[in-house]
Amino acid sequence: MSTENTMRAISQDVLGGPEVLKEVELEIPRPGPSEVLIRVHAAGLNPTDWKHRANGNFLGKPPFVLGWDVSGVVEAIGLGVTLHKPGDEVFGMLPYPYGVGAHAEYVTGPARAFAHKPAEVDHTQAGAIPLAALTAWQALVDTADVRPGQRVLIHAAAGGVGHLAVQIAKERGAYVISTASAGKHEFLRSLGVDETVDYRETDFAEVVRDVDVVLDTVGGEYRSRSLRTLRPGGLLVSILPSGSPALAEEAQGLGVRAIELLVEADQAGMRAIAELVAAGRLRAEVAEVFPLAEASKAHALGDTGRTVGKLVLQVR
C-alpha cells in the first residue's frame, strides 16, 4: 500500500519471463528542471516492454520499472516549465529508451515529451497511443513523407504500431497493403486497408509489387524480402534497427533505399497525433486492460504476439 510519499510500481530484480515482475513500493520522484511529475492513470504496453523484461536490451541489468506510454494528470512541475501546470491532463512517451518508468503510480519526464490529452478520449485510450503512434508517425510522415496515391506496405498491420500506421497512412491518402493472418483481415478492412495478404498462406514478396514505402515491424528475413516489393527508388523503414549496414547495402544494390528508425520522444509529433485523435481520425484498438498489479498477466498475453492492437495497464 502506497503512502503519502511512496507509490506502487511494477519492478523486477532479474531478467526473465512475466513471473519476474512484482509490485513494489518506491519513493515518489520529484520533477527536475524542465520536468513534470505525472500522476499516471493509464500506461500502454508495447513489445519493447517484454523484450526489455526478458533481455535487458538498452536498459541492461535490473532493477528497473518498465513502461514508456503515459496518460495522466500533471501533479507538479519543475523549474522553468511553462507548457503545463498542475491539474493538466496530458499524454506522451517518455524518452526512449532510457526515460523508462511509466508502470507506476507516478513518473517524471521532460515537459516537452507530453501534449495535452484530447478531451474526446479517456486515459485508457490515450495511454495506448503514444509510443506506437509516434513510431508510425516518425516512419511514415517524418521519414518517408508518404503522399496521396502512394502504395504503402505495412507488416503485422493489426499489431500496436501496425494498426495505427494504417490509419496514419490512410490519413495521408495512401493505398495501403497489409500483411496479417486471415482472422485479422476484417478488422484491417474496417480501418481502410485496401489490400490484405495472409502471410500464413501467401508469400507477400510474390504478390506485392511497385510499393513506394514499406513499414517493417517484423524484422528478420522480412526485411530482405520486402526490398523486392519496392519500386525503383522506393523506401523501406524498419522500426527494429540492428545497427548493421547490411540492409542499406542490400537495398542500394537493388536500386531502393532502407532506413532503420528508433522512435524518439517528440512533442510536435504528439500534438499532431492529438489533433487526429480529437478529430476521431486516429484511435487505438485496446485489446485488453489490466490493473497495475496484474502487469505479469499483461506481459504473458503480450508474449504470445497474437493480440490485436494494444494492451493497457489501468493505474488508477
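Start at 1 with the first residue, then count along the sequence.
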> Within 45° of the axis and under 6.0 Å from the centre of the six-membered ring of Tyr175, does NZ or CZ of Arg147 qualify?
Replying inline: no
> Quick one: do the Glu19 and Ser296 side chains pair a donor with an acceptor below 3.5 Å?
Replying inline: no
>> Just by distance, no angles: are the side chains of His123 and Glu89 close enough, under 3.5 Å, to form a donor-acceptor pair?
In response: yes
Non-hydrogen atoms of [X] and [Y] that approach each other most closely:
| X | Y | answer |
| --- | --- | --- |
| Gly101 | Leu94 | N-CD1, 3.8 Å |
| Phe114 | His84 | O-NE2, 3.3 Å |
| Leu134 | Asp266 | CD2-O, 4.0 Å |
| Ala293 | Glu23 | CB-OE1, 3.3 Å |
| Leu311 | Ala298 | CD1-O, 3.4 Å |
| Ala136 | Ile168 | CB-CD1, 3.9 Å |

> Given the rule in the ring pair (Phe, Tyr, Trp, His ring centres under 6.0 Å) test, do His155 and Phe204 qualify, once you have shown the distances and angles that lead to the verdict?
Replying inline: CA-CA 10 Å; His155 288 306; Phe204 70 86; 4.5 Å; yes
> When you look at CZ of Arg271, are more than 12 heavy atoms from neighbouring residues, nucleotides or ligands closer to it than 6.0 Å?
Replying inline: no
> Is any side-chain heavy atom of Pro95 closer than 4.5 Å to a side-chain heavy atom of Pro110?
Replying inline: yes
> With under 30° as parallel and over 60° as perpendicular, where do the rings of His163 and Phe187 fit, or are they tilted in between?
Replying inline: tilted
>> Using the side chain to side chain contact (heavy atoms under 4.5 Å, CB included) definition, which of the options Val107, Leu79, Leu37, Ile77 pairs with Pro31?
In response: Leu37
> Do the ring centers of Trp68 and His103 come within less than 6.0 Å of each other?
Replying inline: no
